[in-house]
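Residue numbers start at 1 and run along the sequence shown. Both backbone and side-chain heavy atoms feed into the values below; hydrogens, waters and symmetry mates do not.
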Amino acid sequence: MISNFVKLISTFDSDSLKELPNIYSPTIEYEDPINKVQGLDHLHLVFEETLKIFSGIEIQVKETSSTDHTAFVRWLMAYRFRKKEYSIDGVTHLEFDSSGLICKHKDYWDASFPLYGAFPMLGSLMRAIKKMATVKPPR
């Protein structure tokens with residue numbers, strides 16, 4: 001079950017989106033720090049838009065752990081946005097239905113700097129907030 005998902009994200013491009021019906025339930029519940037969608041058609045749109053907004057997406061699977069009904073995948077995604085290169089470390093939690101299709105997919109990653117920080121005004125604000133919230137080392 002998890003091998004199909006690993007193959008999908010390892011070769012993530014517009015051609016691989018054709019495989020979504022073989023991997024995801026039609027009633028998939030998907031969530032990441034930006035999107036929360038339900039249904040295979042909506043998930044397809046999220047992935048399609050991701051491929052339009054970001055270029056050169058490469059996802060490297062670092063680690064997997066799974067049981068019969070759930071899986072965790074740790075990954076590193078490299079991409080280009082606004083002519084700059086970025087990378088995001090993330091974890092995906094998957095739940096499988098009785099037929100082995102993914103029925104729940106939740107991504108965990110920090111959108112604050114890799115994504116929002118790419119915009120000048122927001123980036124400055126994010127850096128200021130991070131500086132104020134950072135715990136100083138003991139003296």
Side-chain angles (χ1 to χ4, degrees):
M1 288 186 285
I2 192 173
S3 61
N4 290 337
F5 175 76
V6 168
K7 182 179 178 187
L8 172 75
I9 65 171
S10 297
T11 60
F12 191 67
D13 61 18
S14 57
D15 286 337
S16 63
L17 297 186
K18 296 172 190 164
E19 292 300 313
L20 293 184
N22 300 322
I23 300 169
Y24 288 95
S25 163
T27 59
I28 179 67
E29 294 176 25
Y30 172 87
E31 185 175 354
D32 67 24
I34 299 169
N35 300 285
K36 186 173 185 176
V37 303
Q38 188 161 3
L40 192 54
D41 290 340
H42 203 170
L43 176 64
H44 190 279
L45 285 175
V46 168
F47 288 168
E48 199 172 57
E49 285 301 308
T50 299
L51 289 166
K52 287 179 186 174
I53 295 168
F54 306 112
S55 62
I57 296 175
E58 292 182 10
I59 302 172
Q60 182 181 30
V61 174
K62 297 291 193 174
E63 185 177 3
T64 63
S65 177
S66 63
T67 66
D68 290 340
H69 303 290
T70 189
F72 291 90
V73 179
R74 189 171 67 86
W75 45 264
L76 174 69
M77 182 174 87
Y79 62 96
R80 282 185 299 285
F81 178 65
R82 304 179 102 203
K83 299 181 183 179
K84 290 186 180 180
E85 294 187 7
Y86 297 91
S87 65
I88 297 175
D89 284 304
V91 174
T92 298
H93 176 228
L94 304 170
E95 291 182 27
F96 302 95
D97 64 17
S98 59
S99 62
L101 296 175
I102 299 169
C103 58
K104 291 187 181 179
H105 173 158
K106 186 165 183 179
D107 282 343
Y108 298 90
W109 49 271
D110 179 9
S112 61
F113 286 97
L115 187 58
Y116 304 136
F119 296 94
M121 297 290 286
L122 283 174
S124 297
L125 179 62
M126 297 300 295
R127 284 187 288 283
I129 291 170
K130 183 176 181 180
K131 186 176 180 179
M132 287 186 327
T134 299
V135 176
K136 310 294 184 260
R139 293 180 191 193

Inset, instruction - Assign the ring pair His93 / Phe72 to parallel, tilted or perpendicular, where the plane angle (0 to 90°) is split at 30° and 60°. - result: parallel
Legend entry - Where Asp89 and Trp109 come nearest, the two heavy atoms and their spacing: O-CB, 3.6 Å
Legend entry - Same cluster (ILVMFWY, side-chain, under 4.5 Å), Leu101 and Val37: no
Inset, instruction - For Leu76 and Ser87, work out which heavy atoms get closest and say how close. - result: CD1-CB, 4.0 Å
Inset, instruction - Calculate, to the nearest 0.5 Å, the distance between atoms CG and OH belonging to Asp32 and Tyr108 respectively. - result: 11.5 Å
Legend entry - Closest non-hydrogen atom pair, Asp13 against Ser16: O-OG, 2.7 Å
Inset, instruction - Work out which heavy atom in Leu40 is nearest to a heavy atom in Pro21; give both atom names and the distance. - result: CD2-CA, 3.8 Å
Legend entry - Heavy-atom pair with the smallest gap, counting every atom of Ile23 and Leu8: CD1-CB, 3.9 Å
Legend entry - Centroid-centroid distance, Phe96 to His69, less than 6.0 Å: no
Legend entry - Inter- and intrachain pairs under side chain to side chain donor-acceptor pair (under 3.5 Å), touching residues 37-53, at least two apart: Glu49-Lys52
Inset, instruction - For Asp68, check side-chain hydrogen bond (donor to acceptor under 3.5 Å, both in side chains) against everything at least two apart and list the hits. - result: none
Legend entry - From CE (Met77) to CD1 (Ile88), nearest 0.5 Å: 4.5 Å
Legend entry - Near-ring test Phe47/Tyr30, centroid separation under 6.0 angstrom: yes
